[in-house]
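Here's the structure, in structure tokens; my notes come after.
The figures here come from the full heavy-atom set of this structure, side chains too, leaving out hydrogens, waters and symmetry mates.
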Amino acid sequence: MYILKYAFKNIIRNPFISASSLIVIGLLLFFINILLLTLYSTHSFIGSINDRISITIPFQEGFTDTSIRSQELFVEFARSFSGIESKYVSEDEAFLLFRARNPDLAALIEWTDENPLPNSLRLSGIPLDSYERVQSLIAWYKDILEYDETELNRKLIDFQSQYARIESLVKILRLLEYGVYALLGLFIFTVFVVVYTVISNTIFFLRDEMSIIELVGGRSYFIYGPLVIQGMVYTGFSALFAIGLFYLLPSILPIDSLPSWVKNVLDAFFVLYGNNVLWGILAALFLGKLSAFLASWRYIHKTIG
């Protein structure tokens, strides 16, 4: 109880330093949250790139997903390519998609009462280095697929050129990630330095009181105990301030005017953030504890130790 009381007494003794420290640390932690959001958004965008492009190969007439040979094809794709999604698209599903994209042409087809679209195999999420293996596997099932090696090569080349353009964008995003990680490290180190400096200044102003504690035989934890708690108070309350400010972002930003995929990313991040907010507070407390302990340990090592 004495240690806790003395820690808050130290904070109240220097109201300006304490208030300014809380604001500075709180803003640093707030921008750390912004950087975490940037990292999450970058990872989400990169992870969704392969899902945005696909190859569709028609089945030969009479083959569906219930055919034994077709089932073998899907099993073989699932066994050979863990990252590639193979999906059966029936002629009815293909027509519904076609009607959504081209309602006028779909109306003509409905008028003739014939659906010219075949059942097909849709492949998505194909890594660049898996094209040849994909083509080799498709060649084994050319008895059920409308397999034209020349046509498929053309599709793969188009796919590669599209992927090459996206890959250049991914490289830029990777560089952004590295920069964000560097900024995260810098901001965390800055929080450490701020707490260390404040505790060191507190030790300097209270060195006479600490000397008296030493003279009367007070143990070292009576000195560094309040200081450690003081550092944890700074980072703990600053973390709460940063979290509250961060949760105000959705009400400040024009969320409704953003694209739907951006809103989905934000919603997913805030859900993940809310599930892990306690870990963030604990990390801030640990950082304050470590910084304050090292500052007080340095004093104790020079004097008592």
Tell me the closest heavy-atom pair linking Ala242 and Gly26, and the distance in Å. CB-O, 3.4 Å
Is there a chain of hydrophobic side chains (I, L, V, M, F, W, Y, each step under 4.5 Å between heavy atoms) that links Val89 to Tyr141? no
Do Phe187 and Leu35 have side-chain heavy atoms sitting under 4.5 Å apart? yes
Working for side chain to side chain contact (heavy atoms under 4.5 Å, CB included), residues Ile144 and Ser70: CA-CA 7 Å; Ile144 64 172; Ser70 301; 4.0 Å; yes
How long is the gap from CZ on Phe77 to CG on Leu137, to the nearest 0.5 Å? 4.5 Å
I'd like to check Leu27 versus Ile23 (side-chain heavy atoms, cut-off strictly below 4.5 Å). Are they in contact? yes
Is it the case that more than 12 heavy atoms not belonging to Phe189 sit under 6.0 Å from its CZ atom? no
How long is the span from the OG atom in Ser120 to the CZ atom in Phe63, to the nearest 0.5 Å? 15.0 Å
Say whether Gln230 and Tyr234, considering side chains only, have a donor N or O and an acceptor N or O under 3.5 Å apart. yes
Evaluate the ring planes of Tyr273 and Phe270, with Trp represented by its six-membered ring, and classify them as parallel (under 30°), tilted (30 to 60°) or perpendicular (over 60°). perpendicular
Which distance, rounded to the nearest 0.5 Å, do you find between the OG1 of Thr38 and the CZ of Phe31? 11.0 Å
Gap separating the CD1 atom of Ile32 from the CG atom of Leu37, nearest 0.5 angstrom: 14.0 Å
Please say yes or no: joined through hydrophobic side-chain contacts below 4.5 Å, possibly via intermediate residues, are Trp279 and Tyr247 part of one cluster? yes
Worked verdict on Leu266 versus Leu249 for side chain to side chain contact (heavy atoms under 4.5 Å, CB included): CA-CA 10 Å; Leu266 289 176; Leu249 278 181; over 6 Å; no
Begin from the C-alpha positions of Thr64 and Phe59 and carry the test side chain to side chain contact (heavy atoms under 4.5 Å, CB included) through to its verdict. CA-CA 8 Å; Thr64 67; Phe59 279 99; over 6 Å; no
What is the distance from atom OG of Ser67 to atom OH of Tyr88, rounded to the nearest 0.5 Å? 7.5 Å
Heavy atoms only: give me the nearest Ala292-Val195 pair and the separation to one decimal. N-CG1, 4.2 Å
Can you tell me if Ser291 uses its side chain to pair, donor with acceptor, with the backbone of Tyr196 under 3.5 Å? yes
Quick one: closest heavy-atom pair of Ile188 and Leu287, and the distance? O-CD2, 3.8 Å
Can you confirm whether Leu184 sits close enough to Leu39 that some side-chain heavy atom of one is under 4.5 Å from a side-chain heavy atom of the other? yes
Distance check, rounded to the nearest 0.5 Å: Glu76 atom CD versus Trp140 atom CH2? 10.0 Å
For Leu175, I'd like to know if atom CG has over 12 heavy atoms of other residues, nucleotides or ligands within 6.0 Å. yes
For Phe74, I'd like to know if atom CZ has over 12 heavy atoms of other residues, nucleotides or ligands within 6.0 Å. yes
Closest heavy-atom pair, Tyr181 versus His43, reported as atoms and distance to 0.1 Å, is OH-NE2, 3.7 Å
What one should report as the nearest heavy-atom pair of Thr235 and Leu29 is O-CD1, 4.0 Å
With side chain to side chain contact (heavy atoms under 4.5 Å, CB included) as the test, would you mind laying out the steps for Ile243 and Ile281 before giving the verdict? CA-CA 9 Å; Ile243 291 169; Ile281 295 174; 3.6 Å; yes
Nearest heavy-atom approach of Ser238 to Ser21 is OG-O, 4.4 Å
hydrophobic_cluster_shared for Leu240 and Leu278, side chain cutoff 4.5 Å: yes
Would you please classify the geometry between the Phe269 ring and the Tyr40 ring as parallel, tilted or perpendicular, with 30° and 60° separating the classes? tilted
